[in-house]
Colleague: 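The structure follows.
Note: hydrogens, waters and symmetry copies are ignored here, and every other heavy atom, side chains too, is used. Below, read A as the first sequence line, B as the second, and so on, with proteins coming before strands; counting in each chain starts at 1.
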4 protein chains.
Amino acid sequence: MDNRSGSRSERRASMMRQQIIQAAAPLFAQKGFHKTTTKDIALAADVSEGSLYNYFKNKEDILLGIIEDVAQEEVEKMRLVESLSEAPSDYLFSRFMHQQEKVARLNPMILAIISELVSNPNVRRRYKSLFLSPIMELLADHLQARIDLGQIQNYPPKYLSRILISLTVGIYFFQMLEDDIVIKEWEEFSRTTVDVLFEGLKAEP
Amino acid sequence: MDNRSGSRSERRASMMRQQIIQAAAPLFAQKGFHKTTTKDIALAADVSEGSLYNYFKNKEDILLGIIEDVAQEEVEKMRLVESLSEAPSDYLFSRFMHQQEKVARLNPMILAIISELVSNPNVRRRYKSLFLSPIMELLADHLQARIDLGQIQNYPPKYLSRILISLTVGIYFFQMLEDDIVIKEWEEFSRTTVDVLFEGLKAEP
Amino acid sequence: MDNRSGSRSERRASMMRQQIIQAAAPLFAQKGFHKTTTKDIALAADVSEGSLYNYFKNKEDILLGIIEDVAQEEVEKMRLVESLSEAPSDYLFSRFMHQQEKVARLNPMILAIISELVSNPNVRRRYKSLFLSPIMELLADHLQARIDLGQIQNYPPKYLSRILISLTVGIYFFQMLEDDIVIKEWEEFSRTTVDVLFEGLKAEP
Amino acid sequence: MDNRSGSRSERRASMMRQQIIQAAAPLFAQKGFHKTTTKDIALAADVSEGSLYNYFKNKEDILLGIIEDVAQEEVEKMRLVESLSEAPSDYLFSRFMHQQEKVARLNPMILAIISELVSNPNVRRRYKSLFLSPIMELLADHLQARIDLGQIQNYPPKYLSRILISLTVGIYFFQMLEDDIVIKEWEEFSRTTVDVLFEGLKAEP
DNA sequence: AATGAATGAGGTTTCATTCAT
DNA sequence: TATGAATGAAACCTCATTCAT
């Protein structure tokens, strides 16, 4: 991960891990974890199949490595969004939505991870601890701050954050299914979502 | 599917398909499609491995068969919810949420399907045409009716239905991850979600 | 085989055997014995797979049945050729060649049989006793008669018959390989063969 | 094939292919292609079943590899026979016959190939292009030379070569059928064949 | 006598992982 | 440390044959 610290050999090893991860991620994203062979990965990473096992315990371990990477990256991005803390809340939600849409579009790896969550407890554990929990915590903190500022109503942040994550997962879901509405009419869909979130569905009296 | 019509042998065949599907579904749900072997399925269905292939073209075809079944079942349930058309809208959304939660709890098969969506175009096609599209259509029709009655605001139903589906997928997602909040505090989470949907997040002026 | 004798049920059985054989032969000819499934045969014969086993011990037995049939038929034809015993010898050889070419063209079953000879001793035995030996005997007798008449030279008929059979097998061989020369220039090829047989290759002094 | 050139690993790979081919050929020859299992081959070649697939795409590819090998070998031998170009023609035909008889006796693989020709177009193509066509070309060239020298009559070589090939195929055929005459009285049979070829059957006037 | 569903042995092939070089 | 050939377990699937109806 961090390839600036440690001895030279440690740095080298870290770079190799990166090289493998960078090669494996798009493969997993395209073909799924199970349909990607170690040979595919070795070829794409330009190393031998045997070498994979010098840097990762096994194929699953590569996926876990990817999760770590993606998690770090995404949590970082989330932190940046959060830093816009003076902006009005609706602008912020809009930012959040667009951020997630971009992720779904550019980082299909996340889908491959989600797809493995179902049947793989290790992946589940790792995903929760490195990815979901940190992000939900950031979200909840942020929402609490907004509540404290009186910008949004006083709902328990732990529920609100889960609602937001659900909307995010929904974006991934529709992207994966190549849903024309969510993809081609993204701007309107996104705006509607933010509006509903802020104004509610209830008809004005 | 329909095992009351057709000749005796057709009925028998239909029952065998059911028997196999009933056996395969929980396996796929627990272990995922790829980690479930045809041997597992045959054992669970109490037939020989060879017999599987008298009723299904191949392993994937069993999954497609399951999708058909689950889809029919769920679309049916959705129709029932919809029939409560005189109830106030918020009650209805509440019903919808609870319905979905029950599904997520009792029908983990859906997750296994979703997990295969990522890497399997056939599954994707079948899921969209038999499951997602019909349900979204029902939802959209229903929402339009509510809009016409002046019960909810005039947002495009095609976007609203996708927001609701996202919330549903979110439920599956958190169920799968064994998220303590969504599972153990389901009542409160559900109520909050419906409230947010109806009233919006925006602080009262 | 003989469906005019025996009790009614025996006649029926004999007809069923014929029906199956008639259906199986072209399949074996096209796809080969191993790539033809009993299901294929049952379908083509318009009987159930199970019924095949009421008339034949197993799949191999169907092939053996076909051999019997084809053998009978071909030996019969050979007898007819032989009956033209007053004709000049070269005309007769020409007839023989054309007869064999027609067989090769219309009865590709023989190739399927030959192809199984290699690996199947039962087929080999049956083919020899019902097909090859009778035909070689007829040939040899005939050749002996010609020799006695002073029409052809006094070579041992047992060798001559084998030379003729070799030429026949060659025809099958080139037909199977879709050899343009033997197929499209059949007339010339055939004439040349007969000429060589009669006149010899040796340059005139 | 050529295991003296290329890098060390290429040489190694080439030797392994040879090892597998050497093991598979007699099996195919004895039991036929279809009744020989990959397990049989692996056992005989003293490698694991999996390893077969490091050197051959699939089982058929092993057969194709064998064809290549046998073809090369036989074409080479044919070239040697041809080089005896000063010998009298009848001696040469005699050599040709004996050469083919030896092949039939020692290289039963050819029969297994022929047996697959019937039902397998790939085998057919490969056999024609690598085996039959080159040999027939050599034969035809040689015969033309003899004609030019005035040693044999002026028949079209393309027909003569096919007659000779037919006689060859006949030898394989009778060897396979364990024909007592051709096998035990080979010398006489062979001499008779050459005599008939040269002198013709026609009774001297 | 006819059926065709059920069987299960066995076939080919794939692939994650190991290990000698 | 890097390699990639070798492995072998195990997966999916086919199909000749049987047998209850």
Side-chain angles (χ1 to χ4, degrees), chain A residues 9 12-13 16 33-43 45-62, chain B residues 8-10 12-13 15-16 19-20 33-42 45-62, chain C residues 8-9 12-13 16 33-43 45-62, chain D residues 8-10 12-13 15-16 19-20 34-42 45-62:
Chain A
S9 81
R12 211 182 121 62
M16 284 296 293
F33 178 71
H34 291 282
K35 291 189 188 151
T36 301
T37 67
T38 51
K39 193 176 186 179
D40 289 339
I41 299 172
L43 230 85
D46 203 36
V47 297
S48 70
E49 256 183 290
S51 287
L52 298 180
Y53 291 83
N54 290 330
Y55 299 99
F56 296 92
K57 225 174 49 239
N58 50 35
K59 190 178 144 189
E60 181 189 292
D61 199 34
I62 298 178
Chain B
R8 180 179 313 178
S9 85
E10 271 166 355
R12 226 190 103 66
M15 280 179 61
M16 282 295 294
Q19 185 177 333
I20 291 166
F33 178 71
H34 291 283
K35 292 192 189 146
T36 302
T37 69
T38 50
K39 191 176 189 176
D40 291 338
I41 298 171
D46 202 35
V47 296
S48 71
E49 250 183 293
S51 286
L52 298 181
Y53 293 84
N54 290 332
Y55 298 97
F56 296 92
K57 238 187 18 256
N58 50 36
K59 192 179 141 189
E60 183 189 289
D61 199 35
I62 299 179
Chain C
R8 180 181 310 180
S9 81
R12 210 183 121 63
M16 284 297 293
F33 178 71
H34 291 283
K35 290 189 190 152
T36 302
T37 67
T38 50
K39 192 176 186 178
D40 290 338
I41 299 172
L43 230 82
D46 203 35
V47 296
S48 72
E49 256 184 289
S51 288
L52 298 181
Y53 291 83
N54 289 330
Y55 299 99
F56 296 92
K57 226 175 45 239
N58 50 33
K59 189 178 145 190
E60 181 188 290
D61 198 34
I62 297 178
Chain D
R8 180 178 313 178
S9 85
E10 271 165 356
R12 225 190 106 65
M15 282 180 59
M16 283 294 295
Q19 184 176 334
I20 291 167
H34 292 283
K35 290 192 191 144
T36 302
T37 68
T38 50
K39 192 177 188 175
D40 291 338
I41 299 171
D46 202 36
V47 296
S48 70
E49 253 183 293
S51 287
L52 299 181
Y53 292 84
N54 290 332
Y55 298 97
F56 297 92
K57 238 186 17 256
N58 49 36
K59 192 179 142 191
E60 182 189 290
D61 198 36
I62 298 179

Colleague: Taking all non-hydrogen atoms of both residues, which atom of A/Lys35 and which atom of B/His34 are closest, and how far apart?
Modeller: CE-CE1, 4.0 Å

Colleague: Check whether any side-chain N or O of C/Ser48 sits under 4.0 Å from OP1 or OP2 of E/dG4, and answer yes or no.
Modeller: no

Colleague: Checking the side chain of B/Gln19 only, and the main-chain atoms of B/Ala45 only, is there a donor and an acceptor separated by less than 3.5 Å?
Modeller: yes

Colleague: Using whole Å, what does the distance between atom P of nucleotide E/dT13 and atom CD1 of D/Ile62 come to?
Modeller: 9 Å

Colleague: Produce a footprint string for nucleotides 15-21 of chain E: one letter per nucleotide, 5' end first; B if the base is under 4.0 Å from any protein heavy atom, S if only the sugar-phosphate is, - if neither.
Modeller: SBBB---

Colleague: Heavy atoms only: give me the nearest C/Thr38-C/Leu52 pair and the separation to one decimal.
Modeller: O-CD1, 3.5 Å

Colleague: From A/Tyr55 OH over to A/Arg12 CZ, what is the distance, rounded to the nearest 0.5 angstrom?
Modeller: 5.0 Å

Colleague: Who are the side chain to side chain contact (heavy atoms under 4.5 Å, CB included) partners of D/Lys57, not counting sequence neighbours?
Modeller: D/Asp61

Colleague: What is the distance from CG of D/Asp46 to P of F/dA5, rounded to the nearest Å?
Modeller: 19 Å

Colleague: Between P on E/dT12 and CZ on D/Phe56, what's the gap in Å once rounded to a whole number?
Modeller: 15 Å

Colleague: Which string of ( ) [ ] | and . matches DNA chain E, if you list each base 5' to 3' and count Watson-Crick or G-U pairs only when both distances are under 3.5 Å?
Modeller: .||||||||||||||||||||

Colleague: Provide the closest heavy-atom pair for B/Ala42 versus B/Ser48 in the form atom of the first, atom of the second, distance.
Modeller: CB-C, 3.8 Å

Colleague: Look at all strands and tell whether C/Tyr55 reaches a base, only sugar-phosphate, or nothing, counting heavy atoms closer than 4.0 Å.
Modeller: sugar-phosphate

Colleague: Going through the checks in order, is the side-chain contact (heavy atoms from CB on, under 4.5 Å) test met by C/Asp40 and C/Thr37?
Modeller: CA-CA 5 Å; C/Asp40 290 338; C/Thr37 67; 3.1 Å; yes

Colleague: Given E/dT7, E/dT3, F/dT1, identify the nucleotide with an atom nearest to the side chain of A/Arg12.
Modeller: F/dT1

Colleague: I need the minimum non-hydrogen distance between D/Lys59 and D/Thr36, along with the two atoms involved.
Modeller: NZ-O, 2.8 Å

